[in-house]
Engineer: 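Okay, here's the structure, questions in a sec.
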2 protein chains.
Amino acid sequence: MVTIKDMAKILGISTTTVSNVIHGKTSEVSAETVARVRQLVKDMGYVPNINARNLARNRSKIIGIAVKTSFYKYDNLLKDPFFSELIGAMAKEIRKQGYYLMLYFASSIEEVVHHVAGWNVDGLIVAGLLVDDYMKLKRNYRGTMVLIDCYLPETINNYNNIGLDDEGGSYLITKHLLDNGHRKIGFVADNISGVDYYRYLGHQRALQEYGLPVREENLILIPQGRSRDNSVLKVFAERILDLTAYVFCSDYYAANVINYFNDQGIRIPEEVSITGFDDNEYARMVRPALTTVAQDVTAKAELAVRKLIELLNAEETVDYFDIHMPVELVIRDTVKKLN
Amino acid sequence: MVTIKDMAKILGISTTTVSNVIHGKTSEVSAETVARVRQLVKDMGYVPNINARNLARNRSKIIGIAVKTSFYKYDNLLKDPFFSELIGAMAKEIRKQGYYLMLYFASSIEEVVHHVAGWNVDGLIVAGLLVDDYMKLKRNYRGTMVLIDCYLPETINNYNNIGLDDEGGSYLITKHLLDNGHRKIGFVADNISGVDYYRYLGHQRALQEYGLPVREENLILIPQGRSRDNSVLKVFAERILDLTAYVFCSDYYAANVINYFNDQGIRIPEEVSITGFDDNEYARMVRPALTTVAQDVTAKAELAVRKLIELLNAEETVDYFDIHMPVELVIRDTVKKLN
DNA sequence: GTGAAAGCGCTAACAC
DNA sequence: GTGTTAGCGCTTTCAC
């Protein structure tokens, strides 16, 4: 591996001069020297040692993406199309901006802290954190941080977040069902914290606007990791007797259930209407195609990276932001108009 | 950020001793000192600076995953379920083995070389390389390298590869169609190099075994990036007049076409049979569920990482390997038995 | 058992 | 315009 020192010796000049040329500070160097150095860099295939540079500069040009995954829920996080699109788009944007990506799936916040501290990561993007984890993270990592889809209590306001109008999206799609005459609607999620909590709130708002009560028995929780399990799926078939529609918190669950219904000979939307959330590939792939709430995951990813880098470059401290990106109703074929 | 030096000063001992304790070389240190150091490490939340460590040790504990993506084909590589599962599983295994993952999507091999050299990556995993790129890479990176799904000419044998029995899989599924009475079969891919070339070979072998000619007009190439394009999809509908089945090189394309046929009122498998390759989520999601060739992507990913680390730890040079993992026929509902 | 010190490759303040 | 030099934080050799 050829070093700056090597090249300086060969050219009989100092490392500073070589370094200056490499960093384009050519105004301080004679044109001739610049040319000689550039040539040698090329000839010898010199590549700067990033570890040395990071050590000297005390920064890393690394952006860490950390996702806390219970390996219980995900055997492989990237199998979830939301995360794979999100991370793929971030990877692209990070590279475009001249940064490096260090991907870190951890099962605890302590691990994340340890990791980012050790690598001296310039900035951190974290997805799907709950309050407790955020507090821990904030206490132990003083670097720049952007959260994705994080809901924190109002008492906390020193954070940057890029989320979604979850409440609004869920309101919209529930209203769409109500407008189509549905009155007995199930709400399906695999938990009721964070994002899904706000989706549930939006759902409730729509019901209330129509003067309908929020019935606890219409909240259907899918046991984590068992969304394909027949005993779980059967419940959906049984509830059709008293429900006319299901609002799902994710396209993935919705698509699974649609297929289950297809296989059982239950016709959609004739016998039951179904809606999703996210508008990912599954929503477009499944038949009938899924009526759902669309979010632009790629835009979210790019915005998160850009905002983070903006913060990194900011001279003075910038205001905190908590952006909730817009959603859109996508009407396809899984909602029936009731008389 | 607390350093070894800080702690040495506080305890009134040398950095060597602190370093020794941190690395578990406790045999050379008195029990009392060990305890004091350990306590301080905990109290101060000491985390080693990885850049400094890498610089001193001249290695990085980083495994680079590089994928050469024409951004033409992929706006987001991870939207492809094959890559997202592959990379997700690798990420998990890499972490499990105590390494770090640096993800790098590049549009040229030169970029990859530059990247891995700069970071002093210990090992490299590269997916989907063609010969030329491999040669370039090999010339410029002398580190340990494992390829994924790479076919190199027989004249080259100094490489490590984890691939698939592509030829066999394609043979199997074509034979399945032939056994079911199909004689006019289209073969669909988006290119005919690398993996897809071998799939085409397997397809041909099956045809020949049945004494059937390989017709060039039955090779259907999908223009890259236009798989959802109606003008492209229409071709498939038209060819039904002379073909009874399509062998697709990927589940993704197969699923798209199935949905197109559904939407056009063309019945599968009654009017035309379809098979896929990979057995990813789409194959299971689409209706009718897709008959396809299954590969275990996660197993492939884990094996690649484990093999790489094995090479990294090997004292002596180890033999090169070129593993082709087994595939399996998965019969679902998209193939009709003719008469 | 413990410590001094050189060095990994690069940067940047400062001197000439 | 160019060079000297002191670090960045850690590892490791060798001496005590």
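A quick note: this is a predicted structure, and the numbers were derived from the prediction, not measured. We name chains A, B, ... by the order of the sequence lines, and we start the count at 1 in each one.
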Engineer: Checking all strands, does N49(B) fall into the base, sugar-phosphate, or nothing category for heavy-atom contacts under 4.0 angstrom?
Structural biologist: sugar-phosphate
Engineer: What is the distance from CD1 of I13(B) to P of dA4(C), rounded to the nearest Å?
Structural biologist: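 That distance rounds to 11 Å.
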Engineer: Run the side chain to side chain donor-acceptor pair (under 3.5 Å) test against H324(A) and tell me which residues pass, sequence neighbours left out.
Structural biologist: D322(A)
Engineer: Check residues 34-44 of chain B and write down every donor-acceptor pair under 3.5 Å in which the side-chain atom is one partner and the other belongs to a residue at least two apart or another chain.
Structural biologist:
from: R36(B); atom 1: NH2; to: L11(B); atom 2: O; distance (Å): 3.1
from: Q39(B); atom 1: NE2; to: D43(B); atom 2: OD1; distance (Å): 3.0

Engineer: Applying side chain to side chain donor-acceptor pair (under 3.5 Å), name anything that partners S84(B), two or more places apart in sequence or on another chain.
Structural biologist: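 Testing S84(B) for side chain to side chain donor-acceptor pair (under 3.5 Å), a comparison that skips the adjacent residues, returns none.
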Engineer: Determine yes or no for a side-chain-to-main-chain donor-acceptor pair under 3.5 angstrom, with N76(A) supplying the side chain and E85(B) the backbone.
Structural biologist: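 Yes.
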Engineer: Over the length of the helix from dG1(C)-dC16(D) to dC16(C)-dG1(D), how much do the five-pair end axes diverge, rounded to 10 degrees?
Structural biologist: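 So the angle between the two local helix axes works out to 40°.
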Engineer: Angle class for the Y100(A)/H115(B) ring planes (parallel below 30°, perpendicular above 60°, tilted otherwise)?
Structural biologist: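 Judged by the thresholds at 30° and 60°, the geometry between Y100(A) and H115(B) is tilted.
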Engineer: Using only side-chain N and O atoms of S30(B), determine if any of them is under 4.0 Å from OP1 or OP2 of dG1(C).
Structural biologist: no
Engineer: What's the CG-P distance between L11(B) and dT2(C), to the nearest Å?
Structural biologist: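 Value for this atom pair: 11 Å.
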Engineer: Think T33(A) has a side-chain N or O under 4.0 angstrom from the OP1 or OP2 of dT2(D)?
Structural biologist: yes
Engineer: Which letters describe nucleotides 11-16 of chain C, given B = protein heavy atom under 4.0 Å from base, S = only from sugar-phosphate, - = neither?
Structural biologist: SBB---
Engineer: Rounded to the nearest angstrom, tell me the gap between atom CG in N54(A) and atom P in dC10(C).
Structural biologist: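 So the two atoms are 12 Å apart, to the nearest Å.
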Engineer: Tell me, please, which residues at least two apart from I63(A) pass side-chain contact (heavy atoms from CB on, under 4.5 Å).
Structural biologist: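 I63(A) satisfies side-chain contact (heavy atoms from CB on, under 4.5 Å) with I94(A), Y99(A), I125(A), L308(A), I309(A) once adjacent residues are dropped.
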Engineer: Between C1' on dC10(C) and CD1 on I50(A), what's the gap in Å once rounded to a whole number?
Structural biologist: 12 Å
Engineer: Would you call E110(A)-K136(A) a salt bridge at under 4.0 Å N-O?
Structural biologist: yes
Engineer: Send over the distance from D6(A) CG to dG9(C) P, rounded to a whole Å.
Structural biologist: 8 Å
Engineer: Check whether any side-chain N or O of S14(A) sits under 4.0 Å from OP1 or OP2 of dT2(D), and answer yes or no.
Structural biologist: no
Engineer: Can you tell me the distance, in whole Å, between the NZ atom of K5(B) and the P atom of dG3(C)?
Structural biologist: 15 Å
Engineer: Send over the distance from M1(A) CE to dG9(C) P, rounded to a whole Å.
Structural biologist: 10 Å
Engineer: Assign G12(A) to base, sugar-phosphate, or nothing according to its heavy-atom contacts below 4.0 angstrom with the strands shown.
Structural biologist: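 Since only primed, P, OP1 and OP2 atoms lie under 4.0 Å of G12(A), the category is sugar-phosphate.
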Engineer: Take the protein atom CG of L55(A) and the nucleotide atom P of dG9(C), then report the distance between them rounded to whole Å.
Structural biologist: 12 Å
Engineer: Quick one, Y46(A) and V18(A) - any side-chain contact, counting heavy atoms below 4.5 Å?
Structural biologist: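 Of all side-chain heavy-atom pairs linking V18(A) with Y46(A), none is under 4.5 Å.
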Engineer: Under 4.5 Å between any side-chain heavy atoms of K61(A) and R53(A), yes or no?
Structural biologist: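 No, too far: nothing below the 4.5 Å cut-off.
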